S.K.: 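This is the structure, below, for whatever I ask next.
Every value quoted in this text rests on a predicted model; they were computed, and no experiment measured them. When a ligand or atom number is given, it counts from 1 through the structure's own listing order.
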Amino acid sequence: MIKVAVLGYGTVGSGVVEVIESNNAEVSAKAGEEMHVSYILDLRDFPGDPYEDRVIHDFNVILNDPEVSVVCEVMGGVGAAYQFTKQLLEAGKSVCTSNKELVAKHGAELLEIARNKNCSYMFEASVGGGIPVIRPITKALTAEKIEKITAILNGTTNYILSKMEKEGAGYEETLKKAQELGYAERNPEADVEGHDACRKVAILSSLMTGKNVDAEKIYTEGITGISPADFDYARAAGMTIKLLATSEAVEDGRVLAMVAPALVSMGHPLAAVNDVYNGVFVKGNMLGDVMFYGRGAGKLPTASAVVSDVIDCARHIGRSSIICIWDREEAGLADVDESRKCFFVRAKASAREKAEEIFPGCRFVECGRAEDCGFMTAEMSEKEFKEKSSAMGDGILCRIRLA
Ligand code: HSE
C-alpha cells in the first residue's frame with residue numbers, strides 16, 4: 001500500500017483527497033499498489049467532513065511514520081511549507097506540490113536534496129494547473145533545445161482581459177466580477193500585477209536553461225493599466241491583448257524573460273486562449289512549435305496534476321524519478337532594455353503630429369475614437385522606445401508591446 005499524506009486541507013488539498021478517493025481504482029492500478037490517504041495536516045478541524053478522522057495537527061506524525069512514502073504539499077507559502085518539504089526530503093519521502101512560489105524560490109535546492117536522498121520533488125501542478133506542462137518539457141521534449149516559451153500562465157488575468165475584450169467593460173468592474181465568481185482573490189495583487197505568472201515563467205525558464213532563474217530579477221508588468229480604449233485599437237488592428245509570460249534563449253546562454261501585457265495577432269493560437277484557461281506555446285529547435293492548453297487553475301484540475309506526480313513517485317519508491325536539470329547556478333538574464341520590439345502606443349489626439357515626428361514610419365490605427373490616437377511603431381530597442389517616449393512629454397497615455 002502507498003500511504004500518502006496531504007499538507008494543507010484547503011481548495012487544492014481537499015481536491016487531492018477527492019481525486020485519490022474518487023479515482024482510487026485507476027490511481028492504484030497506475031501506481032502499482034493501492035493508494036491510501038493516511039494523514040491530512042491542517043491547523044483546523046473539519047467536523048462532519050468525510051475524512052475528518054485523518055486530520056492531524058502535528059507534522060512530526062507524518063515525518064516519523066516510516067510507512068508514509070509520498071507527501072503532497074499544498075499549503076502554499078515559503079515559510080512552513082519550505083521547512084516541512086526540506087525535512088520530508090531529507091527523510092527520503094517524496095514531495096509533490098502545487099506551490100509555485102516555493103518551487104520558484106527553492107526548486108534547485110529541493111531537487112538537489114531529493115536526488116541525494118533517492119526520492120523525488122515533483123511540481124507538475126505549479127505551472128498551468130491541470131495542464132501537463134512540466135512532465136512534457138522534462139520527459140518528452142528531452143531531445144530538444146527549447147528556444148522560446150510564450151505563455152498565458154494566469155487564469156485570473158486572462159479571464160479579466162477576455163471579458164474586457166468581449167464586453168468592452170472596464171478593468172475595475174471586471175476585476176470585481178472575477179472576485180464575485182471566486183476567480184480573483186480578495187487581494188488580487190499577485191495575479192493582476194503579474195507576480196504569479198512571473199513565478200511560473202521563472203520555473204519554466206529554469207527548466208529551459210538547466211540553471212536557476214531568479215523570479216525576482218524577471219521584468220514584470222501587470223494588467224492594471226489596460227483600458228477598454230486599448231481593446232478598441234487592438235480590435236481594429238486584428239489583435240487582442242494578453243498577459244504574456246515569455247522566456248527566450250538568447251546569446252551567451254542567457255535568457256530573456258519577462259511578464260507583460262502584449263498585443264497578440266488574432267491568428268496566433270494564444271489569442272484563442274480565453275477566460276480562465278492557460279496556454280503554453282513552446283518552440284523547440286527540432287520539433288518547431290508545440291502548444292499545451294487547458295485549465296490553469298481550479299480545485300480538481302490542479303489536484304489531478306498533483307496526483308499524477310504522486311503516481312510517478314509511487315512507481316519509483318526508493319529511487320528518484322526526477323530527470324530534469326535545474327542547477328543552483330544562476331542563469332544569466334539578458335537586459336530587457338536591449339531587447340527589440342514593436343510597440344503599440346495610445347496617445348492624446350493632440351500629440352499625433354509630434355508622434356509622427358518622433359516615431360518616423362509609425363502606422364496609425366483608426367478605430368473611430370476622437371479623444372486619442374493609436375499607432376504601431378517600427379521595431380526598436382526598449383531603451384530607444386523609452387527615450388522617444390520621454391520626448392513625447394505627457395502625450396503618451398498607454399504603451400503595449402507587440403508579441
Ligand atoms: N491565481 C492563479 C491563477 C491560480 O489565476 O492562475 C493558479 O496558479
S.K.: Find all atoms of ligand 1 within a distance of less than 4.0 Å from any non-hydrogen atom belonging to Thr156, and give their numbers and elements.
M.R.: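 Those of ligand 1 that fall under 4.0 Å from Thr156 are 1 (N), 3 (C), 5 (O).
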S.K.: Would you mind running through ligand 1 and noting each atom that sits below 4.0 Å from a heavy atom of Lys100?
M.R.: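 By the 4.0 Å cutoff, the relevant atoms are 4 (C), 7 (C), 8 (O).
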S.K.: Below 4.0 angstrom from a heavy atom of Ala297, which ligand 1 atoms are there? Numbered from 1 as shown, please.
M.R.: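 Those atoms are 4 (C), 7 (C).
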S.K.: Output the list of atoms in ligand 1 that are nearer than 4.0 Å to some heavy atom of Gly296, sorted by atom number.
M.R.: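 Counting from 1, the qualifying ligand atoms are 7 (C).
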S.K.: Mind listing the side-chain donor-acceptor pairs of residues 63-75 below 3.5 Å, one per line with the distance, residues two or more places apart or on another chain?
M.R.:
from	atom 1	to	atom 2	distance (Å)
Asn64	ND2	Asn60	O	3.1
Asp65	OD1	Glu67	N	2.8
Asp65	OD2	Tyr39	OH	2.7
Glu67	OE1	Lys3	NZ	2.9
Glu73	OE1	Thr97	OG1	2.9
Glu73	OE1	Asn99	ND2	3.3
Glu73	OE2	Met75	N	3.0
Glu73	OE2	Gly76	N	3.1
Glu73	OE2	Asn99	ND2	3.4

S.K.: Tell me if a side-chain donor or acceptor on Lys200 pairs with a main-chain N or O of Leu153 at a distance below 3.5 Å.
M.R.: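 Between the backbone of Leu153 and the side chain of Lys200 there is a qualifying donor-acceptor contact (under 3.5 Å).
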S.K.: Check side chain to side chain contact (heavy atoms under 4.5 Å, CB included) between Pro47 and all other residues, then give those that pass, not counting sequence neighbours.
M.R.: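 For Pro47 the side chain to side chain contact (heavy atoms under 4.5 Å, CB included) partners, ignoring immediate neighbours, are Asp45, Glu52.
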S.K.: CZ of Phe359 to NZ of Lys354: how many Å apart, nearest 0.5 Å?
M.R.: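 Interatomic distance, Phe359 CZ to Lys354 NZ, rounded to 0.5 Å: 11.0 Å.
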S.K.: Is there a polar contact, in the sense of an N or O pair closer than 3.5 Å, between Lys200 and ligand 1?
M.R.: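 Yes; at least one N/O pair falls below 3.5 Å.
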S.K.: Just by distance, do the side chain of Glu329 and the backbone of Asn212 share a donor-acceptor pair under 3.5 Å?
M.R.: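 Not confirmed, Glu329 side chain does not pair with Asn212 backbone.
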S.K.: Leu88 versus Ile62: any side-chain heavy-atom pair under 4.5 Å?
M.R.: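 In short, these two side chains touch, coming nearer than 4.5 Å.
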S.K.: Closer than 4.0 Å to some heavy atom of Gly155 - which atoms of ligand 1 meet that?
M.R.: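 Ligand 1 atoms under the 4.0 Å threshold to Gly155: 3 (C), 5 (O), 6 (O).
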S.K.: Between Glu185 and ligand 1, which part of the residue brings a heavy atom under 4.0 Å of the ligand: side chain, backbone, both or neither?
M.R.: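 Neither; nothing of Glu185 gets under 4.0 Å from ligand 1.
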S.K.: What protein heavy atom sits nearest atom 1 (N) of ligand 1, and how far away is it?
M.R.: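 Checked against all protein heavy atoms, atom 1 (N) of ligand 1 sits closest to Asp191 OD1, 2.9 Å.
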